[in-house]
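Note that the structure is a prediction, hence the values are computed from the model and not measured. Only this structure's heavy atoms are used, side chains among them; waters, hydrogens and symmetry mates stay out.
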Amino acid sequence: MHGLNPPQRAAVEHVDGPLLVLAGAGSGKTRVIVEKIAHLIASGRMPARRIAAITFTNKSAREMRERVAKRIKGDAAEGLTLCTFHALGLKLLQIEHAKAGLRRGFSIFDADDSTAQIKDLLPAGSKPDVIDGVRGLISRAKNAGLSPAEAIREARSPREVEAATVYDLYQQRLASFNAVDFDDLIRLPVQLLEADEEMRLGWRERIGYLLVDECQDTNDAQYRLLKALAGPKGLFTCVGDDDQSIYAWRGANPDNLLQLGTDYPALRIIKLEQNYRCSNRVLRSANALIANNPHEHLKTLWSDQPDGERLRIWECRDATHEAERVAGEIHFIAAARQAPWSDFCVLFRGNFQSRALEKSLQLMRVPYHLSGGTAFLDRGEVKDVLAWLRLLANPDDDAAFLRAVQSPRREVGAGTLARLAELSSQAHMPMARAIDNVGALKQLPPRAANALDTFASLVKQLRSKANVLAPADLVREVAERSGLLAAVRSQCKDEAGFQRRKANIDELAGWFDGSRHSGPGELAAQLALLSHADKGEAGNQVRLMSLHAAKGLEFRYVFLIGLEDGTLPHEASLEEGRLDEERRLLYVGMTRAKEQLWMSYSRMAQRWGEVLRLKPSRFLDELPAAEIQRDGADPAVDAENRKARADAGFAAIRALLDG
């Protein structure tokens, strides 16, 4: 534990009861978790196999696993559980599947699978926003740990009654498909543990000590899972920061931090207030901002870093002018300080704000990486091909079967699939096998039976080719023979659109180029690796991302753009009087900056053909005047800055002309 400050050390050494670590931004919380795992193992208090550390993202789990591996040598950490909440829930369901009414090898529906089922359960012609709204309400009910019956009882409006009714039908359909969705990975384990004392005690014996990162982001179901596993002894460490709770829109409940004190009266609270990331000017400004929110547990971040430069606040004409200033400043700082592009980050409230910025950066020849776009593996045509390949590799994959049999559309409706699922469940076999083995086709409508028979024959033909074709060629063969390419062509309005989507399939095939011949089993392993592949690091590029995506990251130079009322704080928050989370969102953005922070707003915007006058964000008035430098406040400084940047701009133009 060498190098820990006193509060960090106290957090690591407290192992006899419930502990809440209120960890401010940049205060070293991950190190505390890693050191605590090492301390529990080295002291003999808990073997690694009985320790579970829970994070919120796969990336966080991977990074923590790497740090644990460096800290704990040899096989001392063998058996340690280090995963996300959902991965822990999946592990529990795989072990207890029978008690959850599931067969071994159950499928997990992704968002597209769930949306398709909900669409089918709603009246024909329901608009996408209605479908998404119902799906959102069902997800919210599951995140609150509600069963369909409980959701129906608690419905308070006709819209909620409709969603709760669809929720009930949706769960019946999932059961017939031997499937769960992402939210069920938490809800079902909670339901099982709370109802079955023997199982609950067994899992408390299996997990003797629990560590939960980012506890302020837990929803109600996740909090109940924590309680069920921790039991009355409360052998856990929860690490969180109420000032960084920014996910209420997806069900997070920051009040869970307060609820810990009620449920566990012996709860000890330790505050980590020393920040190792930011300059003191950034910290003092962020502290002043967040002090306007109500707090149950006050904390004030401090740092032994230098004061640093004052925060710059820019007033710009419009989004184009703002983007030009940001791009120019990045170019100037990078050249003047020999800073790599990866030292810079531009943050915004919504992804739509990146458009003008991308254009300005391109004109300045500044490389950038935009986070939050549609991932390659999430594109519809790519997911369709992958579903076919998964089915070829594993006939027992019901989720792959359900997607493949409907990609492209054939004369097999949801009712037919539900009946097939029922027959396969009665026979205790997957749906793809049930077509041949239980005479299912004779019990289905003739047109649908013929379509399924044709589909099954095609799958067999392609599966036989999986043993002889190179993987890349198999991808192309599947796209052609399945009818996917023809379906994509029919969906596109012009040839250019078709070629763009076809290029995605070609790129997927290219990922397999050079691979040796592979049977279905080996191909399944390749696909499993592919499905969990990293989306790629940004490398030496300027990062552009939303404030929500920036949590947990840090950069030397940070630009916060679009600080107008209606944007940040968001218009809906202003109308509903919900400013606390918007203020926390800005606080998170400010505390990403290690050395210098710029904040900007526009005076006007053009929307729907009209010029709108904009007001600076009210949050800017909450910043201490002594820590900021506004445009026009010091004419001499402004003139000096303009000259330096103009000289740099002329130099860049000369370099382009000379090149």
### Query
Could you walk me through whether Asn5 and Tyr276 pass the side-chain hydrogen bond (donor to acceptor under 3.5 Å, both in side chains) check?
CA-CA 11 Å; Asn5 63 38; Tyr276 293 92; 2.8 Å; yes
#### Entry: Full working for side-chain hydrogen bond (donor to acceptor under 3.5 Å, both in side chains) between Thr300 and Asn287
CA-CA 7 Å; Thr300 303; Asn287 285 338; 5.5 Å; no
### Message
The test is side-chain hydrogen bond (donor to acceptor under 3.5 Å, both in side chains); show your working for Lys36 and Thr237 and say whether it passes.
### Response
CA-CA 9 Å; Lys36 187 148 197 175; Thr237 294; 2.7 Å; yes
### Message
Show, in sequence, the C-alpha distance, side-chain angles and deciding distance for Leu267 and Ile269, and conclude whether the side chain to side chain contact (heavy atoms under 4.5 Å, CB included) test is met.
### Response
CA-CA 6 Å; Leu267 181 74; Ile269 298 174; 4.2 Å; yes
### Query
Does the salt bridge (charged side-chain N to carboxylate O under 4.0 Å, His left out) test come out yes or no for Asp241 and Lys29, once each step is laid out?
CA-CA 10 Å; Asp241 181 7; Lys29 66 180 178 64; over 6 Å; no
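Atom CG of Leu210 sits about 10.5 Å away from atom CE of Met46, to the nearest 0.5 Å. To the nearest 0.5 Å, atoms NE2 (His369) and SG (Cys345) are separated by 11.5 Å. Interatomic distance, Leu235 CG to Leu229 CG, rounded to the nearest 0.5 Å: 12.0 Å. Rounded to the nearest 0.5 angstrom, Ile95 CD1 and Leu192 CG are separated by 12.0 Å. From Leu283, atom CG reaches atom CG of Asn275 across 4.5 Å, with rounding to the nearest 0.5 Å. Separating the CG atom in Leu544 from the OG atom in Ser371 is a distance of 7.5 Å, to the nearest 0.5 Å.
Comment: Arg159 does not engage Glu162 in a salt bridge, judged by the lack of any side-chain N to carboxylate O separation of less than 4.0 angstrom. Classification of Arg583 and Glu622 as a salt-bridged pair holds, one side-chain N sitting under 4.0 Å from a carboxylate O. Classification of Glu78 and Arg49 as a salt-bridged pair fails, no side-chain N sitting under 4.0 Å from a carboxylate O. Salt-bridge formation is not detected for the pair Asp242/Arg584: no Lys NZ or Arg NE/NH1/NH2 atom is positioned less than 4.0 Å from an Asp or Glu carboxylate oxygen.
Under the ring pair (Phe, Tyr, Trp, His ring centres under 6.0 Å) criterion, Phe236 pairs with Tyr264, not counting sequence neighbours. Every residue was checked against the ring pair (Phe, Tyr, Trp, His ring centres under 6.0 Å) condition with Phe619, not counting sequence neighbours, and none meets it. Applying the ring pair (Phe, Tyr, Trp, His ring centres under 6.0 Å) rule to Phe348 yields no partners; only residues at least two apart in sequence or on another chain are considered. With sequence neighbours excluded, no residue forms a salt bridge (Lys or Arg N to Asp or Glu O under 4.0 Å) with Asp220. Applying the salt bridge (Lys or Arg N to Asp or Glu O under 4.0 Å) test to Glu582 and every residue at least two apart in sequence or in another chain returns Arg349. Applying the side-chain hydrogen bond (donor to acceptor under 3.5 Å, both in side chains) rule to Glu150 yields the partners Ser147; only residues at least two apart in sequence or on another chain are considered.
Scanning both residues, Thr84 and Ile54, for their nearest heavy atoms gives C-CG2, 3.8 Å. Nearest heavy atoms, Ala53 versus Met64: CB-SD, 4.5 Å. Leu347 and Ser546 get closest at one heavy-atom pair: CD2-O, 4.2 Å. Across all their heavy atoms, Ala48 and Ile41 have their closest contact at CB-CD1, 3.7 Å.
Screening residues 169-183 for side chain to side chain donor-acceptor pair (under 3.5 Å), with sequence neighbours left out, gives Ser114-Tyr170, Gln117-Arg173, Asp120-Arg173, Ser139-Asp183, Lys142-Gln171, Lys142-Asp181, Tyr170-Asp181. The side chain to side chain donor-acceptor pair (under 3.5 Å) contacts involving residues 190-200 comprise Arg187-Gln191, Glu194-Arg224, where partners must be two or more places apart or lie in separate chains. A ring-ring contact (aromatic ring centres under 6.0 Å, His included) check over residues 192-226, counting only residues at least two apart or in different chains, returns nothing. Every pair passing salt bridge (Lys or Arg N to Asp or Glu O under 4.0 Å) that includes a residue from residues 253-276 is listed here, sequence neighbours excluded: Lys227-Asp263. A ring-ring contact (aromatic ring centres under 6.0 Å, His included) check over residues 60-92, counting only residues at least two apart or in different chains, returns the pairs Phe56-Phe85, His86-Phe182.
Environment of NZ in Lys233: sparse, with no more than 12 heavy atoms of neighbouring residues, nucleotides or ligands closer than 6.0 Å. Environment of CZ in Arg140: sparse, with no more than 12 heavy atoms of neighbouring residues, nucleotides or ligands closer than 6.0 Å.
Side-chain N or O atoms of Arg156 include one that pairs as donor or acceptor with a backbone N or O of Glu154 at under 3.5 Å. At distances below 3.5 Å, not a single donor-acceptor pair connects side-chain atoms of Arg103 with backbone N or O atoms of Pro430. Put simply, the side chain of Asn293 never gets that close to the backbone of Ile290: no donor and acceptor are under 3.5 Å apart. For Gln222 (side chain) and Asn219 (main-chain N/O), a donor-acceptor pair under 3.5 Å exists by modelled atom type. Remark: side-chain polar atoms of Arg67 are not paired, donor with acceptor, to backbone N or O of Glu63 under 3.5 angstrom. Panel note: side chain Asn280, backbone Gln305; a donor-acceptor pair is recorded below 3.5 Å. Formation of a donor-acceptor pair under 3.5 Å by the Gln8 side chain with backbone atoms of Ser27 is found in this model.
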What donor-acceptor contacts under 3.5 angstrom involve side-chain atoms of residues 547-557, with partners at least two apart or in another chain?
residue, atom, partner, partner atom, Å
His548, NE2, Ile246, O, 3.2
His548, NE2, Trp249, NE1, 3.1
Lys551, NZ, Glu214, OE1, 2.8
Lys551, NZ, Glu214, OE2, 3.3
Lys551, NZ, Asp217, OD2, 3.3
Glu554, OE1, Arg277, NE, 3.0
Arg556, NE, Glu595, OE2, 3.0
Arg556, NH1, Asp343, OD2, 2.9
Arg556, NH2, Glu595, OE1, 3.4
Tyr557, OH, Arg337, NH1, 3.4

